[in-house]
Amino acid sequence: MDRTYLQTWLRDRGFTYSNAYNKGKTLVFSKVPLPDYRADLDERHGSTQKEIKMSNQTERRVEDLLSKSKVNTNDSASTSTIYSRQTLPSTPSSVVERATDIDKQKLSSQLRDLQNSRKTMASARSMQSFRQKLPAFNMREGFLKAVVANQVLVISGETGCGKTTQLPQFILEEEIDNLRGADCNIICTQPRRISAISVAARVAAERGEELGETVGYQIRLESKRSAQTRLLFCTTGVLLRRLVQEPDLVGVSHLLVDEIHERGMNEDFLIIILRDLLPRRPELRLVLMSATINAELFSKYFGDAPIMQIPGFTFPVAELFLEDVLEKTRYKVKFERDNAAGSSRRKRISSVKSDPLSDLFENIDIDKEYGNYSIATRQSLEAWCAAELDLSLVENTIEYICRYEAEGAILVFLTGWDEISKLLDKIKGNNFLGSSNRFLLLPLHGSMPTVNQREIFERSPVNMRKIVLATNIAESSITIDDVVYVIDCGKAKETSYDALNKLACLLPSWISKASAHQRRGRAGRVQPGFCYRLYPKVIHDAMPQFQLPEILRTPLQELCLTIKSLQLGAVSSFLAKSLQPPDPLSVKNAIELLKTIGALDDMEELTSLGRHLCTLPLDPNIGKMLLMGSVFQCLDPVLTIAAALAYRNPFVLPMDRKEEADAVKRSFAGDSCSDHIALLKAFIAWKEAKQSGRERSFCWENFLSPMTLKMMDDMRNQFFDLLSDIGFVTKTRTVKAYNHYGSDLEMVCAVLCAGLYPNVVQCKRRGKRTAFYTKDVGKVDIHPSSVNAFVNQFPLPYLVYSEKVKTASIYVRDSTNISDYALLLFGGPLSPSKTGEGIEMLGGYLHFSAPKRTIELIQRLRGELDKLLQRKIEEPALDMFSEGKGVVAAAVELLHSHNDYR
DNA sequence: GAGCACTGC
């Protein structure tokens, strides 16, 4: 049965697809119903009503300001005259395209002469002998013939076969040899920035040339390429952006898409576009590169395109499962204390939160299944709990390797920060390692400051064993060459998207077989290795073959916007062409959100705002925040906040000093009750420190990542350039020219509200504390890392947030406390209340009441503000502050007048 | 009272 069909079928019946597992050859689904948070929403907080109290003085001032200014609706400037469709200027034709045929012939022979002369160099010959050892080398002729004969080719090859560095290079050499050098334009996409750079550098070195000559790379905000560049390695995201301007990829002769087996969203999306593009570009050659594991899927998708297999080359890795590890190490698993008193595994099933794979094991008759193993091992298997990781078991396995096995680094795969931290403490506490200079114990996590430390990659000195405690980051992003022992706990935290509750989840779950294979391979890069799997073989055999593709695990608003901007037709019918189409409910949620923020109209067509948002490489909400920041003259802070939200949080999480780190973050936030303001202040302080040459110590003392801050700074510049491309700012002026309200935190928070809407939380007083509610899921908690965590009473009645994630509970991660007026003036559209004289927002979820006069005044101001904004969106160059001075001033007046909610 | 991982003209 088709998995997608099943997924929908299950969803409709309240089950989740992620509960699926393999039992023999059939897919089994456990009956864990999906909670529906919407169930009793009305009962819990539908009746709340916020009363707006506006002082007479404020009312008069607002009236006064408003009466002085009237925004004209400029009917003549219709949308179509400004944006007559996506008629973006076509890419400037490259040097090659402009060249005459004679020039081209000349260039082609120059390229060939250069290539030939480099082949004879001594360094090139040693490179050549290295290349000849790669399994891909023997496939050269067959591969090149297949590329000529087939428009689409699927290459499957394991790590170490050399497909990424060799195949694009073969094409390049062949084209240049045959005097087609001037005409060829090869692009090879990589999912990650680092691999795009390192692969390009490797290929350039193999060809004996500088990076940026015939071989170059391009990633966001960074490129090394020239007019001579014939082979470009770029991230998939860069190619997708290029497609917006150049839907037919004119001038590209060969396109290679690498790592498609990972099923990233960008790659899955690109593949749909390419399948449609191929008939329009019959001479374009497409090579899809995948791990062996699912090559057929892609071949089928492209009408049974031929598959070529390249054998891999890694050293053999011996594999031990839990039962073997127990037998070998003699470790005794202890029953959990709660269950100790004569309880059996059966009882545990009902008491511990479980999953199908864990249940599968819990239901096995140990004595029958493991008859060949010792009694001690069987007792341990009986006591072993699949649902929770036994850190002592991990520690013991490390100790065993250190004591009895030959030298070589150990890599331990764990699920997250907490496990890494606890295990580190445990090992340090037990001190089994003896003399500390014989071991190097390193935590490795994306948000830990150790991520960029050299010692992780460098070979540790002789007689010193390196032990790395890592998350999934070590599975593909970071490669540690000298690993000989891998310890795999079999789980990873995985994002999923619960479309029913519009909720992103981040929960630990069993990895796929493909992932387990990849983890094992990490032990065989330099010599034969060992993989200790801390879970039984029966669980491994029942693991799903692959992880669910990203397109089925993520909210889709940004993807939907891109589909509209590429003019690929109706979103749902386009996505239905996907390798595995997403849940229609996810698509519906995304479209609804885009309508809510005003990017799509009722007909699902792009609005003026939507067209602007397409040009920004950002999530639509953050893009809107950026536009509103430029419109309302607080560009500087909004550039920073948008960059942090789009990239990553610059605060690092050191393991031993987390209280200090929290305190620093709070001090940046001051009394703003805002994580976004904390980010902003930290960035400003970093800039100052950098100017006075104190960057390093500043970052260290304030728990900030210099690399992230640098990236944010670069992204700010990119955003400014993009805003100037669409006319919201003028390139000759600086950010300061658009920053009149940049220091006005009320205004900045109002713009945050405009961008983050409809991510609104109601703060409700419950005695001395505050409870938090959202429309979609009801009660939520403030994430403990937020500056707003453990605040008992807030000055203002609402929070806006950038992310809501279900982990241990449903958490709002980064939030900002905002007033009623911010919401009324900058939130979603207002509608008259169904019940009385008030106004409503978010389909009646938020309800405001006030005297008729006040309501009318707010509605009038909001109406004028909307008109002004609409004009600005359609005529970005409009000077709002001469046109709508009074309106903006009235809004500012109101934002500053909010009555204290406490 | 807790933080999988990537990425963008």
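Worth saying up front: this structure is predicted, and the values here are computed from it rather than measured. Proteins get letters first, then strands, A, B, ... in listed order; numbering begins at 1 in each.
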Mapping A:R220 and A:R192 onto DNA chain B by nearest heavy atom, which one lands closer to the 5' end? A:R192

Whole-Å distance, A:E222 CD to B:dT7 C1', equals 14 Å

Crowding at NZ, A:K224 (>12 non-hydrogen neighbours, <6.0 Å): no

Could you pull out all residues at least two apart from A:E550 that satisfy salt bridge (Lys or Arg N to Asp or Glu O under 4.0 Å)? none

Could you tell me the separation between the CG atom of A:L249 and the C1' atom of B:dC9, rounded to a whole number of Å? 13 Å

A:D418 or A:Y647, whichever maps to the more 5' nucleotide of DNA chain B: A:D418

Side chain of A:K493 only, please: which of B:dT7, B:dC9, B:dG3 is the nearest? B:dG3

Regarding the side chain of A:W417, the nearest nucleotide among B:dC9, B:dT7, B:dG3 is B:dG3

Between B:dT7, B:dC9, B:dA5, which one does the side chain of A:I473 approach most closely? B:dA5

Can you tell me how far C1' of B:dA5 sits from CZ of A:R522, to the nearest Å? 13 Å

Within the 4.0 Å heavy-atom criterion, would you say A:L618 contacts the bases, only the backbone, or no part of the nucleic acid? base

Would a line drawn from the ring center of A:H612 to the ring center of A:F728 be shorter than 6.0 Å? yes

What does A:D662 touch in the nucleic acid at a heavy-atom separation under 4.0 angstrom: a base, only the sugar-phosphate, or nothing? base

A:T807 vs B:dA2: side-chain N/O to OP1/OP2 distance below 4.0 Å: no

Using a cut-off of 4.0 Å on non-hydrogen atoms, how would the nucleic acid contact of A:E262 be classed: base, sugar-phosphate, or nothing? nothing

Round to a whole Å and report the spacing from NZ of A:K422 to P of B:dG3. 11 Å

With the side chain of A:H445 defined as its heavy atoms from C-beta on, choose the nearest nucleotide among B:dA2, B:dA5, B:dC9. B:dA5

Just how far, in rounded Å, is P of B:dC4 from CD1 of A:I420? 8 Å

Expressed as a whole number of angstroms, how long is the span from A:N472:CG to B:dT7:P? 14 Å

Would you kindly give the CG-to-C1' distance between A:L653 and B:dC4, to the nearest whole Å? 13 Å

Contact under 4.0 Å: A:R813 side-chain N or O vs B:dG3 OP1/OP2: no

Please pick, from B:dA5, B:dA2, B:dC9, the nucleotide with the shortest atom-to-atom distance to any side-chain atom of A:S447. B:dA5

When you look at A:T640 and A:R716, which way does the side chain to side chain donor-acceptor pair (under 3.5 Å) test go after all the steps? CA-CA 6 Å; A:T640 303; A:R716 279 171 45 98; 2.6 Å; yes

Which residues pass the side-chain contact (heavy atoms from CB on, under 4.5 Å) test with A:K624, sequence neighbours left out? A:I597, A:L609, A:L613, A:M628

A:L239 CG to B:dC9 C1', in whole Å, measures 11 Å

Are there more than 12 heavy atoms of other residues, nucleotides or ligands under 6.0 Å from atom CG of A:L221? yes

Phosphate contact (B:dC6 OP1 or OP2) by A:R648 side-chain N/O below 4.0 Å: yes

Looking only at B:dA2, B:dC6, B:dG3, the nucleotide nearest the A:S477 side chain is B:dC6

Check every strand shown and say whether A:A789 touches a base, only sugar-phosphate, or nothing at a heavy-atom separation below 4.0 Å. nothing

Closest to side chain of A:V238, choosing from B:dA5, B:dG3, B:dC9: B:dC9

Any side-chain N or O of A:Q218 under 4.0 Å from OP1/OP2 of B:dC9? no

